[in-house]
Each structure stands twice: as C-alpha cells, then as structure tokens.
Amino acid sequence: MKARIILSAIVLFCFGFVASAQDLKIGYTNVEYIMSLMPEMEQIDADIQDYSNQLGQQIQTKSQSFQQQLQSYQQSAQTMTEEARATKERELQTMEQEIQKFQQDAQSSYQRKLQELLEPVQTKVYNAINAVAAENNYSHVFSEAAGQAPVLLYTKDNDPFTDLVLAKLGLEAPETPAPAPGSN
C-alpha cells in the first residue's frame, strides 16, 4: 500500500513537471554573428582601426626617441664622466619605464574605446533579442560565447531565433549560413 502511494506521488510529480515544461520555449542565437551584420560595425571597425593606428604611432615615436637617445649614449658613454654616465642611464631607465607604462595605458585605452563604440550596437541587439523573445513567447534564449561551448542541452536544428532578431533589426542574413555553434 505504501509503495502505491509513493508511486502515485512520483507519477503526479512527473506529470506536473511535464505540464510545466510544455510552457518552456528556448531560443539560441549568436550575438557576435548578428553584430557582424549590423551596418554600424563598418564605421566602428574603421574608427577603432584609426584609434589603434594613433596609439601605435605614439608608441613608435616614443620608442624611436628612446632608441636615438640610447644610441647617442652608447656612442658617447666612454667620453662621459662617471656621474654623467649614471645620470644618463637613470634618464634612459625612466624613459623606458614610461614607454612601458604608456603601452599598458594605450592597451587599456583601446579596450575602453572599443567598448564605448560597441555599447550602442550591443544595446540595440540585446533590445531586439528581448523584443523577439517576448513577442514569440521564448522563455529562455542562450547565446554562444566566443571561444566557449554554449550552455545548452537541446535545440532544434532549424531554430529561427537569429533570423527573427535580424528581421527585427531590418537586416538580412547572407546566403552562407550562420557559424555553427562552437566554431570560430
């Protein structure tokens, strides 16, 4: 008798789980792919390339100046007094440290600039994803993370979520299919 009651409880629990799972609709998309099709990305690519070139030019100028001063020091070091040589070596060390710090700062500045440029596009894509998910009664939407396997247990091969988001943004996918999940 106890076994029947326990078995009945388990069956009811399973039916309750299946009934609630029927409301579950999961979408899967690739945000990077969608963003790559956004017309704004061409300008962002050009802007970030210009910014990168500016930073690179500044680093190159500082490095050339350092190399010139180092070469000048090496040529005249034997004729310098011990005190003048020590002073010039300290100046060169300081200059080299400043270049290294500038390179680190330039890298951080590049990342900030890239994020600043991408933020409006990301917001636009995420708003479109949220709108499509709400309009089509998706309960969950997963996205492929760059370089990482997506956290997804099951999805239909013909899941149209990415195409719906592209349509929401007024974009058309090219004839080649979207990158396969997990490929880069």
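Here, residue 1 is the first one in the sequence, and each next residue gets the next number.
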So do Pro174 and Leu37 actually touch side chain to side chain, heavy atoms under 4.5 Å?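 Counting from C-beta outward, Leu37 and Pro174 do come under 4.5 Å.
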Is the shortest heavy-atom distance from the side chain of Gln43 to the side chain of Glu40 under 4.5 Å?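 Side chain of Gln43 against side chain of Glu40, heavy atoms only: no contact under 4.5 Å found.
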Cation over ring, Lys88 on Tyr73, under 6.0 Å and within 45°? no
Separation of [Y] [atom2] from [X] [atom1] (nearest 0.5 Å):
| X | Y | atom1 | atom2 | answer |
| --- | --- | --- | --- | --- |
| Ser63 | Glu96 | OG | CD | 9.5 Å |
| Leu114 | Arg112 | CG | CZ | 12.0 Å |
| Leu171 | Thr162 | CG | OG1 | 12.0 Å |
| Gln103 | Ser108 | CD | OG | 12.0 Å |
| Gln67 | Ser72 | CD | OG | 12.5 Å |
| Leu117 | Gln122 | CG | CD | 10.5 Å |

Quick check: are there more than 12 heavy atoms from other residues, nucleotides or ligands sitting under 6.0 Å from [atom1] of [X]?
| X | atom1 | value |
| --- | --- | --- |
| Gln107 | CD | no |
| Gln100 | CD | yes |
| Gln78 | CD | no |
| Glu83 | CD | no |

Minimum heavy-atom separation for [X] and [Y], please, with both atom names.
| X | Y | result |
| --- | --- | --- |
| Asn30 | Tyr33 | OD1-N, 3.0 Å |
| Arg85 | Ala77 | NH1-O, 2.8 Å |
| Ala128 | Lys168 | CB-CG, 4.0 Å |
| Val125 | Leu169 | CG2-CD1, 4.1 Å |

Please report the C-alpha distance between Gln58 and Leu55 in whole Å, then the side-chain angles of each, then the deciding distance to 0.1 Å, and finally whether the side-chain contact (heavy atoms from CB on, under 4.5 Å) criterion is met. CA-CA 5 Å; Gln58 290 175 1; Leu55 292 174; 4.1 Å; yes
After noting the C-alpha distance and the side-chain angles of Gln49 and Asp45, does the key distance pass the side chain to side chain donor-acceptor pair (under 3.5 Å) rule? CA-CA 6 Å; Gln49 186 62 45; Asp45 287 342; over 6 Å; no
Polar side-chain atom of [X] near backbone of [Y] as donor-acceptor pair, under 3.5 Å:
| X | Y | result |
| --- | --- | --- |
| Thr123 | Glu119 | yes |
| Thr94 | Arg90 | yes |
| Thr61 | Gln57 | yes |

Checking Glu172 against Leu166 for the side-chain contact (heavy atoms from CB on, under 4.5 Å) test, could you report, in this order, the C-alpha distance in whole Å, the side-chain angles of both residues, the deciding distance, and whether it holds? CA-CA 6 Å; Glu172 287 187 30; Leu166 289 174; over 6 Å; no
Does Val31 form a side-chain contact (heavy atoms from CB on, under 4.5 Å) with Tyr126? I'd like the steps, not just the answer. CA-CA 8 Å; Val31 174; Tyr126 287 128; 3.9 Å; yes
From CA spacing to verdict: side-chain contact (heavy atoms from CB on, under 4.5 Å), Asn136, Lys25: CA-CA 9 Å; Asn136 292 280; Lys25 187 173 180 183; 4.2 Å; yes
Any chain of hydrophobic side-chain contacts (each under 4.5 Å) joining [X] to [Y]?
| X | Y | result |
| --- | --- | --- |
| Ile59 | Leu70 | no |
| Tyr110 | Ile99 | no |
| Phe102 | Leu92 | no |

Can you see whether Glu91 engages Gln69 through a side-chain donor-acceptor pair at a distance of less than 3.5 angstrom?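 Checked: Glu91/Gln69 side chains show no N/O donor-acceptor pair below 3.5 Å.
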What I want to find out is whether Lys101 reaches Glu98 closely enough, with some N-O distance under 4.0 Å, to be called a salt bridge. no
